[in-house]
Amino acid sequence: MNSSRIGASFRDPGGFLFSRDGTLYRQVNQAYAANYTRLMESGLYAKLVETGRLVPHAEVDVRHEEAATAFLVLRPERVPFISYPYEWSFGQWKDAALATLSVQKRALKFGMSLKDASAYNIQFFHGKAALIDTLSFETYQEGEPWVAYRQFCQHFLAPLALMAYRDVRLSQLLRVHIDGVPLDLASALLPWRTRWNAGLYIHIHLHARAQKRYAGVAVTEARTGRRMSREAQLGVIENLQATVRKLEWKPAGTEWAAYYAETNYTDAAFEHKTQVVGAWLGKIAPRLVWDLGANNGIFSRLAAAAGAFVVSADVDPAAVEQNYQKSKSAKEQTLLPVLLDLTNPGPSLGWHNRERDSFLGRGPADAVLALALVHHLAISNNVPLQQVAEFFAGCGEWLVVEFVPKADSQVQKLLRSREDIFPDYTREGFEAAFRQVYEIEQAAQVQESERWLYLMRKK
Amino acid sequence: MFWLYLDPGSGSFLLQLLIAGLAAISLAIGTQWARIKRFFNRKKARPTDDEDDE
């Protein structure tokens, strides 16, 4: 029997996640027994699951992973793909923030409170931002402030404000600061005018100053008997909600925002491409698809229609945002837009390099879609074609890939500003390189174009 | 204190206590304002807000 603790799950004395024979379990420790019982018996669990804000679980009768501390074992419903905040678009992050606040408000009504507000505790489950950590709740203590306030500001408010007011690319600060953006850093990076925004002034600028002012001060003495009523805490939560809701980022002026309006191929070519890709996906019936270079997800939706859960990845924050807003308004449950730079995919991070998995570590997928992508990797990033093939093969067994030849105007654009050092970038060279790693099962030239589509299977 | 094992930092903790009065007042005003708005909008369907499950 193959059983091990999950690398990210070590901080909480209340319990931990473990994996046994491919199934994910959560051990609840004795230390958390009272809180767990309250969560289940107060009706809070049922309410949160009903509103889609908490991933449901079953209590199961399996051997405890660490018997000495165990209370019971849960089997949570599996999230199809774990994504991290630095892979979210602005809108996804904002919805994750609002989900956290909504859960906290609900918890207060049931006499409980979130003891942490980590962005890593939120995942997209059936298309909706939901809490995955069942052990985040503790009994609310009348008179006490929200213990996770600082973490909420660092994990949600600071990055969202920086993305909205400074630059959307600052979401990547979370790759370095695993416990969220330090508030003094956020305060220094935000434009001065954000001090006119009452919410940002209090929760970031003043908050950063308070942290400096009271660093090392013992709370019990400094509070001089002050208490925070439940109404006051609700007031803070509602103020955070209002502050988050007002933050906006519009994907204007970025490179891909208008991509589909500017493609260089005809309607008939697009139609044919859709038909071929759709037919191949129907034939291989993958359960998990990674659409790499998905733009705003047109072909991801073909894969979702074929029954797959699709990770729809793109490097452009505007495309990911469009994709997310589209999937949100259509209430799509099997498509997850993510922000991904294929030339530098997310590494494994945190304690022991095991808290956050690398992007590839969260695979493999059953099938990879790589449409209008290879020329970016091979020409813009100088990756030899065989290495491109090896990379895809590491992502999944099946591959639907498009070859766009040099004559194509999009490739010409890439070559305009660089020397053509790619003598092997031909259809023959492409096929030869990919045959080192794959069997070519099917090939089709896209009508009214020079582009070719291939269905390949790893050797 | 056990519930402080996730240390919010003294400053974060104390800031909340300092703004507590303000927060309670703003909640009260907000609640009253929502009641007034509801009174005038009672014939209109309330917009659903899927970001908040209230």
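In this text, all values refer to a predicted model and were calculated from it rather than measured experimentally.
Most heavy-atom pairs under 4.5 Å with chain B, from the set A:Thr139, A:Ile237, A:Val217, A:Leu101: that is A:Val217.
Considering only heavy atoms from C-beta on, B:Phe13 stays 4.5 Å or farther from A:Gln211 through its side chain. Using a 4.5 Å cut-off on side-chain heavy atoms (C-beta onward), A:Tyr149 and B:Leu15 make contact. In this structure, the side chains of A:Arg226 and B:Leu18 come closer than 4.5 Å at one or more pairs of heavy atoms.
Contact annotation for A:Arg209: neither backbone nor side-chain heavy atoms come within less than 4.5 Å of a heavy atom of chain B. Of the two parts of B:Leu17, the backbone and the side chain both hold a non-hydrogen atom closer than 4.5 Å to a non-hydrogen atom of chain A.
Put simply, CG on B:Leu27 and CD on A:Glu238 are 5.0 Å apart, with the number rounded to the nearest 0.5 Å. Taken from CG in A:Asn239 to CD1 in B:Ile19, the straight-line distance is 7.0 Å, to the nearest 0.5 Å.
Among all heavy-atom pairs drawn from A:Met228 and B:Gln16, the shortest one is CE-O, 3.6 Å. Closest approach of B:Ala20 and A:Ala232 over heavy atoms only: O-CB, 3.3 Å.
A side chain to side chain donor-acceptor pair (under 3.5 Å) with B:Ser12 is found for exactly one of A:His207, A:Arg150, A:Gln154, A:His203, namely A:His207.
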